[in-house]
Amino acid sequence: MKKTITVLLGLSLLFGFSISGCNGTGKKTKAAPADDGTFGKKDASQYSGTLKVWSWTDDPKYQIAAFEKAYPNVKVDFTMIGDSYDTKLQTIVDNDAEGPDVFCADVKTVKNYIESEAWENLSAAPYNAVTDDIMDYVTTIGSDADGNLRALSWQATPGGFWYKRSLSKKYLGTDDPDAVSKLLSTMDSLFAAGKTVYEKSQGKTFLLPNYQDLWTMACYSKRTTPWISDGKFNMDDYAVKFFDVAKEARDMNLDAKLASWSQGWYSAAANDSIMGYVLPTWGMQYVIQKGAPDSKGDWAIASMPDSYFNGGTYMGIYTQSREKELAWLYIKFVNLNKDYVEQYAKEKSDFPCLKTVINDMSQNYSDAWCGGQNTFEFFNQEASKINTSLVTKYDDSVNNLLLTNVNLYVEGKYTKEEAIKKFKEDVANAYHNVTIE
């Protein structure tokens with residue numbers, strides 16, 4: 001046996017083979033480089049090679065340009081994959097196949113890749129990631145059940161209610177963010193505000209694009225139990241109540257019946273059909289500015305009955321990577337380099353994950369699109385209230401099934417009891433090994 005191991009080790013040194021190990025679950029991983037005290041700490045000019053990065057959007061292009069400037073001898077080979085991204089990536093992960101060195105994941109799928117042990121443990125040597133400066137909820141989402149960091153995000157995504165100042169002043173009597181926040185501080189007052197907007201506009205303006213926005217706010221803040229835990233499906237009391245909340249919102253003309261991401265939904269930013277959107281930090285950059293490029297200065301953001309987050313892109317080092325040191329340089333640069341993160345936040349109008357950058361920028365920040373409102377200070381306050389204790393890998397699928405059946409009830413096709421029964425059946429069909437009562 002000793003002779004066999006010696007031969008294998010000799011061959012690996014001679015031909016550059018990588019001997020993979022197995023963790024406690026039997027998943028094969030390429031061993032992390034030995035930590036000789038210089039891992040990821042050498043001068044930038046000493047690093048060279050090609051790093052493979054995958055994502056489903058082109059967001060990394062900005063990061064890559066800055067990274068290659070900082071590490072001139074390292075080339076990043078970027079691959080953008082569209083709708084089939086997660087299907088392709090999960091196949092690679094499940095088979096321990098060759099793939100990217102670094103890959104991104106939406107917050108909806110982060111826990112899936114973490115539980116698949118697809119990413120390196122960044123809390124362990126030789127990475128020894130220090131996360132003191134990162135928003136707490138961001139590290140919580142990117143960590144496994146044992147608290148080991150597996151993925152990082154360069155952004156935090158707390159949300160609020162982006163509203164049009166002109167319409168708010170016209171129908172609610174004020175465009176001040178603090179005053180509007182007070183008007184939306186409870187579900188009762190939010191419904192009352194929606195009724196006022198509809199009636200005063202003679203049915204031309206609705207508070208929200210769709211009642212489903214209320215679930216965006218409530219799915220983590222108002223529920224008390226995760227959808228699935230210990231193999232059991234949990235129909236939370238608020239999930240049951242939301243059927244009635246949605247029906248009331250529709251009956252009171254709170255929403256304009258615009259499907260999210262539809263052309264009408266985008267166009268609403270530039271007309272008077274809705275007063276605003278329930279969106280997180282990126283709502284301004286990707287929805288409002290694109291949908292209403294001539295509306296600069298006519299927006300503001302207010303808090304709602306509950307704080308929430310929505311979206312966020314995470315990245316980690318693939319366990320099968322052959323360039324783990326270069327991958328770690330990239331992860332550190334994009335997510336932990338204060339100078340870069342501040343540059344990115346300013347140039348891209350995005351809300352970063354580093355607390356020092358947020359605190360510095362919050363001091364005198366003025367958002368021209370929001371009439372000079374300090375949106376950084378607003379998001380900083382909202383982020384501190386975010387609850388991530390209910391986040392699981394099942395959330396996106398189960399939330400979609402819930403909303404599909406809520407809609408059947410709202411449109412009068414099912415009774416509430418029938419819709420709830422159908423919802424449970426849909427979950428059972430999606431997850432055969434889950435117990436549903």
Side-chain angles (χ1 to χ4, degrees), residues 8-10 12-24 27-55 60 63-78 93 96 98-105 110 113-114 116-134 138-139 142-144 146-154 314-341 344 353-354 356:
L8 285 172
L9 287 172
S12 69
L13 291 172
L14 181 61
F15 295 108
F17 295 158
S18 173
I19 294 182
S20 298
C22 293
N23 57 24
K27 182 178 177 64
K28 296 178 181 179
T29 61
K30 285 184 170 60
D35 186 6
D36 61 359
T38 66
F39 184 86
K41 299 175 182 177
K42 297 186 285 291
D43 185 80
S45 62
Q46 294 180 265
Y47 293 102
S48 63
T50 299
L51 180 69
K52 293 181 288 184
V53 175
W54 285 15
S55 180
Q63 307 162 2
I64 291 168
F67 176 78
E68 289 183 334
K69 185 176 180 180
Y71 293 89
N73 299 322
V74 179
K75 168 151 180 68
V76 179
D77 180 8
F78 174 57
V93 167
D96 299 323
E98 290 290 332
D101 299 298
V102 172
F103 70 87
C104 299
V110 164
Y113 292 118
I114 288 175
S116 297
E117 297 186 345
W119 282 315
E120 288 279 282
N121 179 1
L122 301 180
S123 296
Y127 310 107
N128 302 309
V130 177
T131 60
D132 296 347
D133 194 29
I134 303 174
V138 173
T139 54
S143 298
D144 61 26
D146 295 322
N148 297 309
L149 185 70
R150 300 282 177 172
L152 280 170
S153 177
W154 62 87
Y314 287 71
M315 61 171 62
I317 301 172
Y318 181 37
T319 54
Q320 304 303 316
S321 167
R322 295 182 182 275
E323 296 288 353
K324 291 182 178 177
E325 187 169 16
L326 295 183
W328 177 230
L329 291 177
Y330 186 82
I331 295 283
K332 282 199 306 178
F333 181 83
V334 171
N335 301 282
L336 302 175
N337 185 300
K338 185 176 182 293
D339 291 337
Y340 165 75
V341 170
Y344 167 80
C353 66
L354 295 187
T356 53

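Numbering starts at 1 and runs along the sequence shown. The shown structure was predicted, so the numbers you read here are calculated from the model rather than taken from an experiment.
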If only side-chain N and O atoms count, and only distance matters, is there a donor-acceptor pair under 3.5 Å linking T50 with D77? no
Heavy atoms only: give me the nearest [X]-[Y] pair and the separation to one decimal.
X    : Y    : result
Y330 : L51  : CB-CD2, 3.5 Å
P60  : C104 : CG-SG, 4.4 Å
F103 : A118 : CZ-CB, 4.0 Å
Y318 : D96  : OH-C, 3.7 Å
W119 : R150 : O-NH1, 3.0 Å
V102 : A327 : CG2-CB, 3.6 Å

Determine whether N73 and S48 satisfy the following criterion, side chain to side chain donor-acceptor pair (under 3.5 Å), listing intermediate values before the conclusion. CA-CA 5 Å; N73 299 322; S48 63; over 6 Å; no
When rounded to the nearest 0.5 angstrom, what is the spacing between [atom1] in [X] and [atom2] in [Y]?
X    : Y    : atom1 : atom2 : answer
M315 : I317 : CE    : CD1   : 10.5 Å
T139 : I134 : OG1   : CD1   : 6.5 Å
T131 : L122 : OG1   : CG    : 10.0 Å
L149 : I114 : CG    : CD1   : 8.0 Å

Assert yes or no for the condition that the ring centre distance of Y113 to Y314 is strictly below 6.0 Å. no
E323/K52 ion pair, N-O < 4.0 Å: no
Would you say the side chain of K75 lies within less than 4.5 Å of the side chain of E68, judging by non-hydrogen atoms? yes
Can you tell if the side chain of D101 reaches within under 4.5 Å of the side chain of L326, non-hydrogen atoms only? no
Checking D146 side chain against N148 main chain: does a donor-acceptor pair fall under 3.5 Å? no
Quick check: does any side chain N or O of K324 sit under 3.5 Å from a backbone N or O of T319, one acting as donor and the other as acceptor? yes
Which side-chain N or O atoms in residues 331-339 pair as donor and acceptor under 3.5 Å with protein atoms at least two apart or in another chain?
from: K332; atom 1: NZ; to: G40; atom 2: O; distance (Å): 3.1
from: N335; atom 1: OD1; to: W154; atom 2: N; distance (Å): 2.8
from: N335; atom 1: ND2; to: I331; atom 2: O; distance (Å): 2.9
from: N337; atom 1: OD1; to: D339; atom 2: N; distance (Å): 3.1
from: N337; atom 1: OD1; to: Y340; atom 2: N; distance (Å): 2.9
from: K338; atom 1: NZ; to: D360; atom 2: OD2; distance (Å): 3.2

Check the angle between the aromatic planes of F39 and Y127 and answer parallel, tilted or perpendicular using the 30° and 60° thresholds. perpendicular
